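For clarity, every value in this text was computed on a predicted model and none was experimentally measured.
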Amino acid sequence: MMRHYPERTCFLREGARSGLYSRCLFSSCRLKNSSVSAEQNLPLLRGRLSAAVIFMDLNSASTVVLQVLTQATSQDTAVLKPAEEQLKQWETQPGFYSVLLNIFTNHSLDVNVRWLAVLYFKNGIDRYWRRVAPHALSEEEKTTLRAGLITNFNEPVNQIATQISVLIAKVARVDCPRQWPELIPTLVESVKVQDDLQQHRALLTFYHVTKTLASKRLAADRKLFYDLTSSIYSFACSLWNHHTDTFLQQICTGDEAAAANSLERTLLSLKVLRKLTVHGFVEPHWNAEVMGFLHAVFERVKQFLECSRSIRAESICRDHLEKTIILFTKVLLDFLDQHPFSFTALIQRSLEFSVSYVFTEAGEGVVFEQFIVQCMNLIKMIVKNYAYKPSKNIEDSSPETLEAHKIKTAFFTYPTLMEICRRLVTHYFLLTKEELTMWEEDPESFTVEETGGDSWKYSLRPCTEVLFMDIFHEYNQTLTPVLLEMVHSLQGSTNVENTNAILIKDAVYNAVGLAAYELFDSVDFDQWFKNQLFAELQVSDDRYKPIRRRVIWLIGQWISVKFKSDLRPVLYEAIRNLLQDCDLVVRIETATTLKLNILICKASVLFFLNVCLPVDDFEFRTDQFLPYLESMFTLLFQLLQEVTQCDTKMHVLHVLSCVIERVNMQIRPYVGCLVQYLPLLWKQSEEHNMLRCAILTTLIHLVQGLGADSKNLYPFLLPVIQLSTDVSQPPHVYLLEDGLELWLVTLENSPCLTPELLRIFQNMSALLELSSENLKNCFKIINAYIFLSSSEFLQMYAADLCRSFCELLKDITIEGQVQVLKVVENVLKVNPVLGPQMFQPLLPSVFRGIVDGERYPVVMSTYLGIMGRVLLQNTSFFSLLLSQMACELGQELDQILGNMIEMWVDRMDNITQPERRKLSALALLSLLPSLNR
């Protein structure tokens, strides 16, 4: 029996190629006039599809869909949009995905059409494959589709082959192995065939399926993946070994094209093994095959690194060879991360391997940057792994931990640590030719350091610095004398002609800065600053600029560790001089030191080597800084104008903001130039919202510093607030939080409420509708308007505000309810006569809340505060409200008043603030004369 779908296209009948019957509803359509345009065709096509429902085969249905898919690849939006709309309507129709499968597996069709068909199929899996999904595919059709997807692995186009592999993996995530037990056996058989194309496509699919199944985290899914791994692991290992051996043989014979094909299969089979090894075993160290594979990884990496000597940089194999080498290291890193105790047997070999290639001559000529990064990460993860650190009480440590620690201790001997430390500092810390060239050609990009976050996982310089800090922290007693010896060897000035000596000093100073906390007891930094570092800042030769930059950075690292307050004026003098340095990089680094390490006096928290160190720069004294304020502010402003990149301008703006914040009102005489420049910078940064955020932050501190004088900024300030807080403007996504803070600060420092300030409140209704985390600031802004000029403000906006509050109270947290009610209470405080009338729609719910005995004490307390003010300050309105509530509840006035008083007295203990208790007492007492009458 056929179901009818009005105004929808329907297919029905047997699927042709597989011989299986698939139900599909589709009306047939033949375009009679082929000369009409595509945009004319589509409405005609739609009309005919919905005009009748007839039976037809899959190939005829494919013709219909094919035409619409062809139109959907058009660059003409008049053709494209209707086609996309039609395809969207077909998404939920039975048989549509069978037609798509028929299209994208037909290699004779246009590639773009096939690409689009496979994408629609893939997206449909996410939406309609699961049984519980709305418009879910029928089990009959899914069975047909699963069979069709693994019939052939012969897709000639790489991009489409990848998409087909991904969509098979998506189906496998839901159905394998219960509803699709034949998938894995089919893939295993297909990767054994001799045909290169079929073998590659099957292996590609095998990888995506394995990757997807390995990502499932539910216990039942994990158990299924363990079972799958145990059944195919031996095959996966032999497959990888076969392709690896084949590649190495072909490279030896010089057959580069064949070697490239074998290498690609080696890479794919290794990706499969990586997922199986890392995620397919509970205790992998008990499996001999797993441990055998992991030990074989070291030998294979050596073979591939040696092989790289004979492969030219421009060879087609080179890129895949490096990817494979990196993948070997990822296998080890992932295994260490997921199974640290199972990795214990590999610690010794991993450290020997990594240290050999990275810190000795063994790696010369074969290692490349990303490989060095991976090896350093492996060392770091072993050194820092908490699973390998015994407890202070050795008896509390597990045998596995003690064994791992023993291996680590035996490896990291004094000679090994000394060599690693020296090599890191004198080789990897050195500025490279590329970096020095960037310094000269693009100084602003050079100053954007790639630090923070996970950059150490991927970039060489952050990686070397993080490894140095971790090793120095772990073995500081051993390495401190080594580093101090390097520092002592560099005492005195360095010959500006000796570039290498300058770069070595830069590297050593970098190490001392990174290890500042570890060297606290070993370095008298104050003496070092006075006796040497300050003098080095005075060397003005252009060739000495790396040292000037490094020394000011070094001081910044030590300022929160050990630096006497008495030395700050000397430092300020040095900073002022360096802000006039001829080199832009030095000036930017100086500004960084000024912001991050000198002017920040707020209690902050530094996270160093995962140890939380609270730091309060309490030694900053404004009186010490004021003599340098004018010159430094002027120089920073000149730097802001000079730099051109968005990131650098943001950085300098933050420094200026910090200066303004710290000196507050004393900045007033010097801000004229900045005030004139900011409107221009705002206009120039129209496409750079993050820079605009920095401008907003600067304006916040500027308004706070100027106080009431900030009214002179209103011609620029108020349009900025208007744009930043207008939710109909796209930039509000970036600017809203800072824009609200600026709005609030502007109100707090405004001497009076201007018509322009009043006008921008039009943005508030939409902001309240957002109900976002910015509501607190919105309430603060509303309160500021109320206290600034309640009558004028309420006459214009009370009705809108009351409507917004009534909507908010329907769906808001308890804390939010209290905030809303406090605003209403503030209105009643400042305007007891008009306030109750303006917020009359909201008061009945407050009255009902009291009578019903609101269960949340903080809400009840606020209810009583509001009703107390109405009762005490506007008795006539309270009488009207009481009459209204009596009518609504169908009770006598005395009865409802008695109920309210009874509940009020009962809940007096909910009121904790003394002023609220006093208010309630006065309000209740005010009822006594009327009760006695």
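Salt bridge status for Arg146 with Glu182: absent, with no side-chain N to carboxylate O gap under 4.0 Å. Using a 4.0 Å cut-off between charged nitrogen and carboxylate oxygen, Glu189 and Lys192 count as a salt-bridge pair. Ion pairing between a basic and an acidic side chain is recognised when a charged N comes within 4.0 Å of a carboxylate O; Lys406 and Glu403 show no such pairing. Salt bridge present: Lys223 and Asp227 bring a charged side-chain N and a carboxylate O closer than 4.0 Å. With respect to the salt-bridge test (charged N to carboxylate O, under 4.0 angstrom), the residues Arg318 and Glu314 do not qualify.
Put simply, the residue from Gln199, His200, His243 that forms a side chain to side chain donor-acceptor pair (under 3.5 Å) with Arg265 is Gln199.
Remark: side-chain polar atoms of Arg222 are paired, donor with acceptor, to backbone N or O of Ala214 under 3.5 angstrom.
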Step-by-step side chain to side chain donor-acceptor pair (under 3.5 Å) determination, Thr432 to Arg461: CA-CA 10 Å; Thr432 63; Arg461 183 163 293 281; 5.6 Å; no

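Between His339 and Phe335, the ring centre distance stays below 6.0 Å. Within the 6.0 Å centre-distance limit, the rings of Phe429 and Phe468 are counted as a close aromatic pair.
Using cut-offs of 30° and 60° on the angle between ring planes, the pair Phe121 and Trp129 is tilted.
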What donor-acceptor contacts under 3.5 angstrom involve side-chain atoms of residues 323-332, with partners at least two apart or in another chain?
| from | atom 1 | to | atom 2 | distance (Å) |
| --- | --- | --- | --- | --- |
| Thr324 | OG1 | His320 | O | 2.7 |
| Thr329 | OG1 | Ile326 | O | 2.5 |
| Thr329 | OG1 | Gln374 | NE2 | 3.2 |

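Seen from the ring of Trp456, Lys380 counts as a face-on cation partner, given the 6.0 Å and 45° thresholds.
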